[in-house]
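A quick write-up on the structure given underneath.
Note that the numbering runs from 1 along the sequence shown for the chain.
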Amino acid sequence: MNFSLQFPADLPEPTDDGNMDVRIELADGRAYSVTFFTIANLATLMARWGKTGECANGLYVWEKNMIVVQEISQTVIKKVVQDLVETGEIESAGWRIHLPE
């Protein structure tokens, strides 16, 4: 199934310490929101929150539609989304934001 991706205008590419919200639109009209995090970014967030007190002083990180990747780049994200769409796992991994009429 075909899909399109909407990336933020200020896409930092590539980075191994970052996170990003991406909108995924499927050819049938369904749309999903996913937040991609790198492994290094999870450690960065936990260290920062250890100082600010967020998330029980950095003991955890959570996101409803979290996908962890090795790097934030259009290439990696496209490959991940392609796999999620082909396997049907996009239904579970993404936050549905639009249904076809």
Side-chain angles (χ1 to χ4, degrees):
M1 174 178 284
N2 291 331
F3 62 89
S4 64
L5 302 174
Q6 292 181 357
F7 294 99
D10 59 345
L11 174 66
E13 187 171 7
T15 182
D16 63 356
D17 187 354
N19 62 69
M20 169 189 310
D21 295 322
V22 177
R23 181 183 170 108
I24 302 162
E25 294 183 5
L26 304 183
D28 66 4
R30 290 178 292 160
Y32 298 87
S33 175
V34 174
T35 304
F36 291 90
F37 289 81
T38 63
I39 295 167
N41 187 243
L42 297 176
T44 296
L45 292 172
M46 293 174 91
R48 181 182 313 144
W49 295 342
K51 296 174 184 170
T52 65
E54 295 171 75
C55 295
N57 294 315
L59 291 177
Y60 65 93
V61 177
W62 73 273
E63 178 78 29
K64 286 186 179 183
N65 54 349
M66 176 189 290
I67 296 178
V68 180
V69 292
Q70 292 180 355
E71 74 174 20
I72 299 290
S73 69
Q74 287 190 24
T75 301
V76 168
I77 290 171
K78 285 177 185 176
K79 287 179 182 178
V80 170
V81 172
Q82 181 69 44
D83 187 67
L84 291 171
V85 171
E86 288 176 358
T87 61
E89 291 178 343
I90 190 64
E91 290 289 330
S92 299
W95 182 262
R96 187 179 288 183
I97 54 178
H98 185 265
L99 282 172
E101 295 178 17

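- Formation of a donor-acceptor pair under 3.5 Å by the N2 side chain with backbone atoms of A27 is not found in this model.
- Both I39 and V61 sit in one connected hydrophobic cluster of ILVMFWY residues. Membership requires side-chain heavy atoms under 4.5 Å apart, directly or through other members.
- With hydrophobic clusters built from ILVMFWY side chains whose heavy atoms lie under 4.5 angstrom apart, V22 shares a cluster with V69.
- Residues L45 and M20 do not share a hydrophobic cluster, defined by chaining ILVMFWY side chains whose heavy atoms lie under 4.5 Å apart.
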Quiz item: Between L84 and I67, is a side-chain contact (heavy atoms from CB on, under 4.5 Å) present by the stated rule, with each step listed?
Solution: CA-CA 11 Å; L84 291 171; I67 296 178; 3.4 Å; yes
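- Considering CG of D21 and CZ of F7, their distance stands at 12.0 Å, rounded to 0.5 Å.
- With values rounded to the nearest 0.5 angstrom, L42 atom CG is found 8.5 Å from N19 atom CG.
- Between T44 atom OG1 and W49 atom CH2 the span is 10.5 Å, to the nearest 0.5 Å.
- Listed for the T38 side chain is a donor-acceptor partner under 3.5 Å among the backbone atoms of G18.
- Criterion: ILVMFWY side-chain heavy atoms under 4.5 Å apart, direct or through other members. Under it, Y32 and L5 are part of a common hydrophobic cluster.
- Contact check for V76 versus I72: no side-chain heavy atoms found under the 4.5 Å cut-off.
- Distance check: I24 CD1 to I90 CD1 gives 4.0 Å after rounding to the nearest 0.5 Å.
- Around the CD atom of E91, the shell of radius 6.0 Å holds more than 12 heavy atoms that belong to other residues, nucleotides or ligands.
- Annotation: the span from Y60 atom OH to M46 atom CE amounts to 10.0 Å, rounded to 0.5 Å.
- Annotation: the span from E86 atom CD to F3 atom CZ amounts to 8.0 Å, rounded to 0.5 Å.
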